[in-house]
Amino acid sequence: MHPSPLVRELERRVGREAVLWRPEDLMLYEYDALSSRRAPDAVVFPTSTEHVVEIMRLANRERVPVVGRGAGTSLSGGPVVAEGGIVVSFARMKKILEIDIENQRARVQPGVVNLDLSLAVADAGYYYAPDPSSQKACTIGGNVAENSGGPHTLAYGVTSQHVLGLEVVLAGGEVIHTGASFWDRPGYDLTGFLVGSEGTLGLVTEITVRLMRRPEAVKTLLAIYNQVGDATRTVAMLTAHGITPAALEMMDGVTLRAVEAATGAGYPTDSAAVLLIEVEGLREAVDEQADIIEQVCRRNQAREVLRARTEEARARLWRGRKNAFGALGRISPSYYVQDGVIPRTRLPEMLDDIERVAQRYGLLIGNIFHAGDGNLHPLILFDSRDPAECERVVEAASEIIAKCAEMGGSITGEHGVGLEKNELMPLIFSPDDLEMMRRLKAAWNPDGLLNPGKVLPSGKMCGELRIQVSMGSGASTSAVNGRLPSRRRERVGSGGGLP
Ligand SMILES: Cc1cc2nc3c(=O)[nH]c(=O)nc-3n(C[C@H](O)[C@H](O)[C@H](O)COP(=O)(O)OP(=O)(O)OC[C@H]3O[C@@H](n4cnc5c(N)ncnc54)[C@H](O)[C@@H]3O)c2cc1C
């Protein structure tokens, strides 16, 4: 087998060792953590902005799609090619270029792993705040593209609040610099526009981020409940008391039993739900807040409120939470994780609704929430070898997401739109909203070569969740994936309606 002319030209521009093209190598790049679609024509590993410019110029000349890739942990199909083309993997652009503690910022290449940045500045007493549960693997470039959040974004905001500037290679191969490190640049906020654009406007080659000082004190509480409703009511009441914890996470009984079996984090397996609550700041304020939180939890029938007494105990509780998706994979051949947002005051109602959906479709659903943000992650457990069950999973997921939109929430909180939910965008945006987004995209990506088929609805389908549930053997224990026959595409209603 011989490399194609496109591959030869890529090799000439970035080096032979920087290009994959054999089918057995490309297979690894068919996937993200959600789905697989088709293999790219080539995968290329640039080590510099100049390489990325060269790749983009070639793609333009040959009219070939280009899809950026970080660690491939996306849960919405973002780095998976929809129409073939070149995958640009940033795995070799992983240098921390500059750490400027005095000015509380760092400049990094996009392939830097999220947690590695915090580890690099830990000795100086600093960290990088956005902390997706995938932070041991996912890259800052991927976080920028998805505008990722995490447990601590309740207090500190999502990625967009921590990105100060970007270097971006545009569709035509031009290089632009957005934002500024030390002052507020006049003109349009291009950084804000690019963060969350899921690789459809340009390839990010450098990122300047804000570093935060570690708080003087941190207190982590675990509130344990016999009724799910008591836990969700606590969330609403905490905010009513004017308390914004640094993190406010919820797991239901299904989830915490799986987590405990997998991690031994110390969660009570006989309870219906737990809240993991963290407050941080000045020592005296933190103690006072922890006391108020405990009172509010007890007033809402928490049967116990535990406090992590040591850093080790705190780390153990977080290890359980951050490994929760994987833990559920141990008790089910496959699962499909959803990502919706609702006003947090409606959590009790939404949880009842999810339970009704589970019963109606005969499915087990584990719930993990960034409860403080109203960001839900129902994980629908199923066996991908059962075609009828696969169909019920997609229907159940569609209903849950449509309900989020109906409640005035969103179809995604942090996992992005990708190719999973682009047909659902009309549930939360008007035709005029979408038309303006299309025009902006056309200005940046005029030939549609950058990550085609993502984010905006194709217009070919109407209000459909574009997940294709695995029906093959050997389904993975992460999100729904595998080689997927596209035999069923589910309607979740058009124009905002329910099915
Ligand atoms: C177990 C698990 C837990 C997770 N928890 C969270 C969570 O708590 N919060 C959260 O927000 N997400 C979470 N995610 C989803 C995922 O980790 C995030 O979306 C993450 O930001 C993706 O980063 P990545 O490096 O893996 O990017 P990829 O998956 O490789 O790519 C994501 C998107 O970014 C684009 N992209 C990547 N690099 C660039 C670049 N340099 N320039 C332009 N576009 C680029 C890709 O084309 C794609 O559209 C979780 C995923 C898993 C599997």
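Small disclaimer: the values here were computed from a predicted structure and weren't measured. Computed from heavy atoms alone, side chains included, the values below leave out hydrogens, waters and symmetry copies. Both ligands and their constituent atoms are indexed starting at 1 by order of listing.
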Which of the ligand 1 atoms, numbered from 1, are nearer than 4.0 Å to a heavy atom of [X]:
X	result
Gly202	43 (C)
Ala33	53 (C)
Glu198	49 (O)
Gly78	47 (O), 48 (C), 49 (O)
Leu203	42 (N), 43 (C)
Ala71	24 (P), 25 (O), 26 (O), 27 (O), 30 (O)
Gly199	43 (C), 44 (N)

Quick test: of every protein heavy atom, which one is nearest to [atom], and how far off is it to 0.1 Å?
atom	answer
atom 28 (P) of ligand 1	Gly72 N, 3.6 Å
atom 46 (C) of ligand 1	Gly68 O, 3.1 Å
atom 40 (C) of ligand 1	Phe90 CE1, 3.6 Å
atom 8 (O) of ligand 1	Ser133 N, 2.9 Å

Nearest 0.5 angstrom please: Asp131 CG to Thr153 OG1, how far?
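Asp131 CG to Thr153 OG1: 7.0 Å, rounded to 0.5 Å.
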Hey, does Leu154 have a side-chain heavy atom less than 4.5 Å from the side chain of Arg344?
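Yes, their side chains come closer than 4.5 Å.
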Polar-atom distance check: [X] versus ligand 1, any N or O pair below 3.5 Å?
X	result
Asn143	yes
Leu75	no
Gly150	no
Gly70	yes
Val204	yes

Taking the non-hydrogen atoms of Asn451, is any one of them nearer than 4.0 angstrom to ligand 1?
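It does; at least one heavy atom falls under 4.0 Å.
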Close approach, Gly418 and ligand 1, non-hydrogen under 4.0 angstrom
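Judged by the 4.0 Å heavy-atom criterion, Gly418 does not count as contacting ligand 1.
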How are the rings of His415 and Phe325 set to each other: parallel, tilted or perpendicular (split at 30° and 60°)?
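Because their plane-to-plane angle is over 60°, the rings of His415 and Phe325 count as perpendicular.
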Using a 4.0 Å heavy-atom cut-off, which part of Glu146 comes near ligand 1: side chain, backbone, both, or neither?
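The answer is the side chain.
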